[in-house]
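To start, the structure itself, in structure tokens.
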Amino acid sequence: MTMPQTLIALLRRELTLAMRRRGDVLTILFFFVIVASLFPLGVGPDPKVLRLMGGGVVWVAALLAAMLSLGRLFANDYADGTLEQLILTPTPPVVWILCKIIAHWLVSGVPLILMAPVLGVQFGLPADALWVLVFSLLLGTPVLSLIGAIGAALTLGLRGGGVLVSLLVLPLYIPVLIFGAGAVDSTISGLGAEAHLSLLGGILILAFMLTPWAVAAALRISIE
Amino acid sequence: MLEGKNLACVRGERTLFDHLNFTLNAGELLLVQGANGSGKTSLLRTVCGLLTPEFGEILWDGEKIGAVREDYQAAMVFLGHAPAVKDDLTAFENLDFSCRLAGIEASREDVKGALGHFGLGHCLELPAKSLSQGQRRRVALARLLLAKAKLWILDEPLVALDQAALHLVQTLIGDHLQSGGMALLTTHQMVSIPGIEPRVLQLTP
């Protein structure tokens, strides 16, 4: 059997599992909505302030939601022995790791992107800024899954791994946050978002190429 | 042929075993025995490549397993303590997916047949969370029927099985050895496979 078939099987398995556990996916989505909705209650209803903050708030909420979803990435597979079996397949680890991360993004990243415009409207973002918000999340959330996978792999089997993951991963999310929220900001102030979006795209390409190797190394350490 | 040369395993500060040598030829069964904590599982995990030995090397047909990783892993099947059975998938899906992931070619009928052979024919479509411990074990063991691997590495394969399944697994191992396969397993139970004289590797803590 060839490698693509193995990968399609893995992708299908991950998505089937996510469908069977829809609660997990919805929890993350509602967390995202609630965090973003708390800000207007905290800072007051001034439309001008909210419009300025909107992009940044949605981005911070997306960051936190992405982090919350990392626990699912490897922990279940580690506990029930599936991870050992995956490591022992003839398929190179980097390839199936990338496949798992893509599945994770489809399940936990894409819903955030779809929900983001609704939250943007809530903050009174203009139409062009809404588009930029969606586009910046489209480029940025895969990076969150990719970088987060390193943290998830390193903290496998540790007690209190969840808190440790946030300490490891949140600092690494900072560039994504700066350029993601920056893209929305610069659209509102009329500067145009191209520069920020190209940098986000660059980060995505870099993360796509490098993080699977780091994850493979981290999983090796954790499984020993 | 599988060979372990001068193997040593250290976990934390403790040396589990050292200067360990073994060879396993086609048609042979090697039983790893020893008290709890003597390093049986660590040895098996080392042999299948999940653990790097502190010292020594493992050779597959004369080549280091690290150098022929893909060939070795295609020729080997490992069943560990954890059955790698997902609660949210059905028995059929579990076996079907685990075969596909391991690159084993098996049709839907093959998968159903393998589960039927292990007495799970009536619960193909039941989610694994409603299966008993022994039944999960059977789902994992059913993979042996489909995998066309030469080397079986089985960590406590007989745990949680009833008499019928014990018999089934031992027959399966017997057939595998008869057809030129090899098996490495740990167990605390008596293994009796007709026509096969198992060699014993005793680990002392």
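Naming convention: chains lettered A, B, ... in sequence-line order (proteins, then strands); numbering from 1 in each chain. Worth knowing before you read on, the calculation uses all heavy atoms, side chains too, and leaves out hydrogens, waters and symmetry mates.
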Nearest 0.5 angstrom please: [X] [atom1] to [Y] [atom2], how far?
X: R21(A); Y: D88(B); atom1: CZ; atom2: CG; result: 4.0 Å
X: K86(B); Y: N76(A); atom1: NZ; atom2: CG; result: 5.0 Å
X: L88(A); Y: R45(B); atom1: CG; atom2: CZ; result: 8.5 Å

Is it the side chain or the backbone of [X] that comes within 4.5 Å of chain B heavy atoms, both, or neither?
X: R220(A); answer: side chain
X: Q85(A); answer: side chain
X: L86(A); answer: side chain

Subject >> Which portion of R143(B) sits near chain A, non-hydrogen atoms under 4.5 angstrom >> reply: side chain
**OP:** Check each atom of T52(B) against the heavy atoms of chain A and say whether the ones under 4.5 Å are side chain, backbone, both or neither.
**Re:** both
Subject >> Considering all heavy atoms, the nearest T89(A)-A102(B) contact >> reply: CG2-CA, 3.9 Å
**OP:** Taking all non-hydrogen atoms of both residues into account, name the closest pair between A82(B) and A79(A) and its distance.
**Re:** CB-O, 4.2 Å
Whether over 12 other heavy atoms sit under 6.0 Å from [X] [atom1]:
X: Q163(B); atom1: CD; result: no
X: K148(B); atom1: NZ; result: yes
X: F208(A); atom1: CZ; result: no
X: H188(B); atom1: NE2; result: yes
X: F22(B); atom1: CZ; result: yes

**OP:** Could you list all the ring-ring contact (aromatic ring centres under 6.0 Å, His included) pairs where at least one residue sits in residues 86-113 of chain A, not counting sequence neighbours?
**Re:** none
**OP:** Keeping to residues at least two apart or across chains, list the ring-ring contact (aromatic ring centres under 6.0 Å, His included) pairs with something in residues 158-184 of chain A.
**Re:** none
**OP:** Show your reasoning for whether side-chain contact (heavy atoms from CB on, under 4.5 Å) applies to R100(B) and T6(A).
**Re:** CA-CA 6 Å; R100(B) 283 165 192 274; T6(A) 313; over 6 Å; no
Original post:
Under 4.5 Å, heavy atom to heavy atom, which residues of residues 13-20 of chain A contact chain B?
Top reply: R13(A), T16(A), L17(A), R20(A)
Subject >> H81(B) and E84(A): CA distance, side-chain angles, deciding distance, side-chain contact (heavy atoms from CB on, under 4.5 Å) verdict >> reply: CA-CA 11 Å; H81(B) 272 290; E84(A) 286 175 1; over 6 Å; no
Original post:
Among L50(B), L51(B), D96(B), which has the most heavy-atom pairs under 4.5 Å with chain A?
Top reply: L50(B)
Subject >> Trace of the side-chain contact (heavy atoms from CB on, under 4.5 Å) decision for V85(B) with D80(A) >> reply: CA-CA 7 Å; V85(B) 170; D80(A) 65 20; over 6 Å; no
Original post:
Which members of residues 68-78 of chain B, sorted by number, sit under 4.5 angstrom from chain A on a heavy-atom basis?
Top reply: R69(B), E70(B), Q73(B), A74(B), M76(B), F78(B)
